There are 2 protein chains.
Amino acid sequence: MPKRVDHEERRGQIAEALVRVAGRRGLHAVGMRDVAAEAGVSLRLVQYYFETKEKLLLYGLQHLTDRFTARVGARLAAAGPAPGPRATAEALVLASLPTDEESRTFHLLYSSYAILSVTDEALAAQPFIDNPDAAEDALAGLIAGAQEAGLADPGADARTEAVSLLAMAATLGTSILVGQRGPESATAVLRHHLDRIFTAPEGTGTREV
Amino acid sequence: MPKRVDHEERRGQIAEALVRVAGRRGLHAVGMRDVAAEAGVSLRLVQYYFETKEKLLLYGLQHLTDRFTARVGARLAAAGPAPGPRATAEALVLASLPTDEESRTFHLLYSSYAILSVTDEALAAQPFIDNPDAAEDALAGLIAGAQEAGLADPGADARTEAVSLLAMAATLGTSILVGQRGPESATAVLRHHLDRIFTAPEGTGTREV
DNA sequence: TTCTTCGTGGTACGACCGTACCATGTTGGT
DNA sequence: ACCAACATGGTACGGTCGTACCACGAAGAA
């Protein structure tokens, strides 16, 4: 046999090529030949590792979410050894905003997949709705924990506020993507609601940015 | 000359055919032949009234937003002769949720256009970002007016709350579209925030439903 | 009435796309 | 050393898509 290549690694390289070219020209415009050229391999190779385009797209979606989940995890770890719930929640909510190239690509492609999944049943069958649910649970837990510790408005409904924050972050991200709004404006809105939910301990005053 | 047909009316019929078929199979999957078949005309006719596909899509987008703006206007008019600011704001915010076939199609296609516009400069040049801006202005004005009348929390920032409400409505709408959330859950979240912003006059108690 | 312009149909062309097929070098196992 | 499984390349095929071309009837203008 020839070089005995690591299939999973190859698939990853090709999937990242897909993500790059789709981030540039849009998911609807990417073909197998584009992915092959971007990855620097032949069209046949892409066929070899992903037999069909549908499988390539599905794998690409999985790869995208995995990579971004890891990135968010790194952001949270970098936020300090034992950050408060407010800081953690803020990092979580702001992480999805398209502020740099990688998050921009993620937001664009994730939205594309989501919209595609409405009319494409193969995409709809894919459980990439788990991810937002996980974020929602984490955020709700953060708020509830802060309430018990006296760090958040006890009258707020944790689940509702978590849903609201993530919903706002999603649309604000898209607004940035289409150039309707700047990142500063989006973060200001989100911080305003974080301030509303996470009340500082008495006497500490309101948190300034 | 032959029957001397009304071009604008014809274009409208074809545009509605585009909207229907795109709402069914997705905007990415619609071709000129599909539109022609849906409209019950020949492919040549579609070419005749819209020389290129790009022009057809642009016109379809315009038609879509026009029709929906009219629908929202009708909803507001049906809300009573002189509705309070809270009722008006609620109608405005809930109008965009995909609860029936027409609003579902609108939400799906508008989102598709928005995502497309990120990588397609012809779509990006189209000023279909005016519409959300107009809704934002209207909503902010409604809140500010309610504040002056003592019907809303005077400490709230009208513009920020308007942006927040519309942002939440957009993502919640998409959540409904992909089947992640039901319409009841989405409206409950939105009404919660409307309750937070629009405070009932003293002694009247909190508004139920 | 005749002519010219408009509306409409059918069809062909060139390009691209996803997929399938055929070929070939390469290397680990025996 | 030979063979079989594997990795890779090139290329062709069928289909579809947007667009262009050609033709013809129909009706207002002269």
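Predicted model only: the values in this text are computed from it and were never measured. Numbered from 1 within each chain, the chains take letters A, B, ... in sequence-line order.
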Got a list of protein N/O to nucleotides 14-16 of chain C N/O distances below 3.5 Å?
none

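Heavy-atom minimum distance, F50(A) versus K55(A): CD2-O, 4.2 Å.
Judged purely by distance below 3.5 Å, without hydrogens or angles, the side chains of H193(A) and S164(A) never pair a donor atom with an acceptor atom.
Listed by residue number, the members of residues 17-28 of chain B with any heavy atom below 4.0 angstrom from DNA chain D form an empty set. Contacts of residues 40-57 of chain B with DNA chain D (heavy atom under 4.0 Å): L43(B), R44(B), Q47(B), T52(B), K53(B).
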### Query
Yes or no on side chain to side chain donor-acceptor pair (under 3.5 Å) for T69(B) and D66(B), after CA distance, side-chain angles and deciding distance?
CA-CA 5 Å; T69(B) 301; D66(B) 285 354; 5.4 Å; no

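Looking at Q147(B), its side chain does come within 3.5 Å of a backbone N or O of A156(B) through a donor-acceptor pair. Formation of a donor-acceptor pair under 3.5 Å by the H107(B) side chain with backbone atoms of A170(B) is found in this model. In this structure a side-chain-to-backbone donor-acceptor pair under 3.5 Å is missing from T171(A) to M168(A).
Considering only side-chain N and O atoms, H7(A) lies nowhere under 4.0 angstrom from the phosphate OP1 or OP2 of dC6(D).
Remark: L45(B) engages R10(B), V41(B), S42(B), Y49(B) in a side-chain contact (heavy atoms from CB on, under 4.5 Å) (not counting sequence neighbours). For R159(B), the salt bridge (charged side-chain N to carboxylate O under 4.0 Å, His left out) criterion is met by E136(B), D137(B), not counting sequence neighbours.
The ring-ring contact (aromatic ring centres under 6.0 Å, His included) contacts involving residues 82-104 of chain B comprise nothing, where partners must be two or more places apart or lie in separate chains.
By the 4.0 Å N-to-carboxylate-O rule, D100(A) lies close enough to R71(A) to be salt-bridged with it.
Atom P of nucleotide dT8(C) and atom CD of Q13(B) are separated by 10 Å, given to the nearest angstrom.
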